Amino acid sequence: MEFENQHVIPHGYLKAWACPTAPPGKKGCLWVIQKNDPDDKKLRSPKKHFSQKDRYTVNTGNVRVLNVEKALNVIETDFGKVRQLLDARRPLTQEHRVALVFFAAAMMTRVESYPERVGGMLKRIQQQAARQAARHGLESTLSKGIETSLARVSAESVSTGMPETAALLWRMKLSIFVTDDEAGFITSDNPCCLCVPRDWHPYLAHPDAELTFALTPYHLAFFSWKTPALLYRKAGRKMVDEANSRTIAWSRKEFVSKTGVVRQEWLPATS
C-alpha cells in the first residue's frame, strides 16, 4: 500500500552515510551503532531502519489521509537539490535556504522525542479537563477531542510544529561547516541537537540557542542567533569531534557513522 512504511529518519537523507566498504549483499547499508554500547554496530538498510508503519497516516473512517507523508516527501526532494549545491560548495539562493530550513524543521518534529513531548502535554491537559468535568458532573468534550489528537500525534506534531520551527530557523543565522575529516560528521535517530550553554531546558527562541545538524558526513548546519552567518566554514578534527559528541549525547538509542568509526573523543567521559 502507498506510503505504508513511513520513515522517522528519511532513507534519502541516510544514503549519504552508506558504508563505502560494505561487503557484497550489504551495498548501500549503514553502520548503525548503539549509544549505550558503541562496540555494538551492525550494517542496516536505510530503507528498513528508522521506519514505522503508518506513522504519519491519519485514518478518517476507512480513508487513509497521507497529506503529511506527501508533504515530507516534497521537502526531502527539495533538500536533495540543496545537497547538490553543498557538494559543489556553491552559494544557496533564498529558495534553497527555505528548503534547507524546512528540512531541518521536519527533522526536528518527526523524530520520536517531539510527539512524545506534545503527547505528554496533551495528556496532562486531558486529565485536568476530565477532573474539572467530573467535579461538575459534566461530560468533557475537550477530553474527547484530545483523545482524537493523541491518536494522530505523530502526524499533527509535524503538520503544526514544522512551520513554527521553520519560521524560527529562518530568522537565525546559518553557517555550513565543511570537513574532509576521514570519519566525518555522524547522524542519529535524533539528529538535530539543540543546545543552550548552562541551561538544562533549551528552546530554539533562547538568545544563546545553537542548533547543529549534520546534513551529510561532510556538511554540518549550524544555526545561531549570535554567530555571524558564513557559507562555508572549514571544520577540522576538533570541530568534528565536538559536533559528533553532541550528536551522540542527543541521540536516543542509535547513531550512524559512515565508516563505522567511533572515536573516544565522541563518547562521554567515564569515571
Side-chain angles (χ1 to χ4, degrees), residues 9-50 76 79-92 100 103-104 107 174-195 210-224 227 230-270:
I9 309 294
H11 72 271
Y13 162 76
L14 290 171
K15 282 167 62 177
W17 279 267
C19 175
T21 59
K26 292 289 185 177
K27 294 296 183 182
C29 288
L30 317 164
W31 282 113
V32 178
I33 303 165
Q34 300 306 304
K35 177 178 182 176
N36 292 334
D37 182 8
D39 290 327
D40 183 356
K41 59 184 77 173
K42 294 181 175 63
L43 283 169
R44 301 291 193 189
S45 165
K47 287 188 176 182
K48 296 179 181 178
H49 212 69
F50 301 126
E76 292 159 27
F79 174 68
K81 300 171 185 176
V82 173
R83 192 152 61 185
Q84 292 176 2
L85 295 178
L86 299 179
D87 290 339
R89 298 197 188 184
R90 293 175 56 190
L92 299 182
L100 194 157
F103 185 75
M107 294 295 274
L174 169 67
S175 295
I176 305 290
F177 283 92
V178 182
T179 189
D180 55 7
D181 182 271
E182 59 183 10
F185 297 113
I186 62 174
T187 189
S188 81
D189 53 7
N190 191 33
C192 294
C193 309
L194 175 60
C195 295
E210 296 176 353
L211 182 80
T212 56
F213 171 35
L215 305 174
T216 79
Y218 311 107
H219 304 89
L220 180 85
F222 180 81
F223 292 90
S224 167
T227 302
L230 178 63
L231 295 179
Y232 292 87
R233 295 174 180 264
K234 178 69 175 177
R237 173 165 175 160
K238 183 178 180 182
M239 171 65 186
V240 171
D241 288 344
E242 290 177 355
N244 288 350
S245 175
R246 185 179 290 190
T247 299
I248 291 175
W250 272 82
S251 65
R252 290 168 61 86
K253 297 179 180 178
E254 299 171 320
F255 59 96
V256 174
S257 166
K258 184 178 180 72
T259 61
V261 167
V262 181
R263 291 183 187 147
Q264 192 62 41
E265 292 89 342
W266 304 352
L267 304 175
T270 56

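For clarity, every value in this text was computed on a predicted model and none was experimentally measured. Position 1 is the first residue of the sequence; numbering continues from there.
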Side-chain touch [X]/[Y], heavy atoms, less than 4.5 angstrom:
X      : Y      : answer
Arg233 : Met239 : no
Pro10  : Phe103 : yes
Val178 : Arg89  : yes
Ile9   : Met107 : yes
Phe185 : Asn244 : yes

Side chains of residues 19-32: which donor-acceptor pairs under 3.5 Å do they make with residues two or more places apart or in other chains?
residue : atom : partner : partner atom : Å
Lys27   : NZ   : Ala22   : O            : 2.9

First locate atom [atom1] of [X], then atom [atom2] of [Y], and finally report the distance between them rounded to the nearest 0.5 Å.
X      : Y      : atom1 : atom2 : answer
Phe255 : Lys41  : CZ    : NZ    : 7.5 Å
Ser175 : Tyr232 : OG    : OH    : 11.5 Å
Glu242 : Glu265 : CD    : CD    : 11.0 Å

Given Ile186, which of Ile33, Thr247, Val240 fulfils the side-chain contact (heavy atoms from CB on, under 4.5 Å) condition? Thr247
Arg83 vs Thr216, side-chain contact (heavy atoms from CB on, under 4.5 Å): CA-CA, chis, key distance, verdict: CA-CA 8 Å; Arg83 192 152 61 185; Thr216 79; 3.3 Å; yes
Of all heavy-atom pairs between [X] and [Y], which one has the smallest distance, and what is that distance?
X      : Y      : result
Val262 : Pro38  : CG1-CB, 4.2 Å
Ala16  : Pro217 : O-CG, 3.3 Å
His219 : Leu86  : NE2-O, 3.1 Å
Trp17  : Val256 : CB-CG1, 3.7 Å

Take a 6.0 Å sphere around NZ of Lys234 and say whether it holds more than 12 heavy atoms from other residues, nucleotides or ligands. yes
Report, as yes or no, whether the 6.0 Å neighbourhood of atom CD on Gln34 holds more than 12 heavy atoms from other residues, nucleotides or ligands. yes
As a quick check of understanding, evaluate side-chain contact (heavy atoms from CB on, under 4.5 Å) for Val82 and Leu215, giving each step before the final call. CA-CA 10 Å; Val82 173; Leu215 305 174; 6.0 Å; no
Could you work out, with side-chain contact (heavy atoms from CB on, under 4.5 Å) as the rule, every residue matching [X], not counting sequence neighbours?
X      : result
Trp250 : Asn190, Cys193, Leu194, Cys195, Pro202, Arg246
Ala183 : Asp181, Val261, Arg263, Trp266
Lys35  : Ile248, Ser251
Asp37  : Asp39, Asp40

If we ignore hydrogens and angles and just use 3.5 Å, is the side chain of [X] paired with the main-chain N or O of [Y] as donor and acceptor?
X      : Y      : answer
Ser245 : Asp241 : no
Thr179 : Ala235 : yes
Lys258 : Gly184 : no

Are Phe50 and Tyr13, when compared by the centres of their aromatic rings, separated by less than 6.0 Å? no
Does the pair Asn36 and Lys253 meet the rule for a side-chain contact (heavy atoms from CB on, under 4.5 Å), with working shown? CA-CA 7 Å; Asn36 292 334; Lys253 297 179 180 178; over 6 Å; no
Please name all residues satisfying ring pair (Phe, Tyr, Trp, His ring centres under 6.0 Å) with Phe222, sequence neighbours left out, ordered by chain then number.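 In terms of ring pair (Phe, Tyr, Trp, His ring centres under 6.0 Å), with neighbours along the sequence ignored, Phe222 is linked to Phe177.
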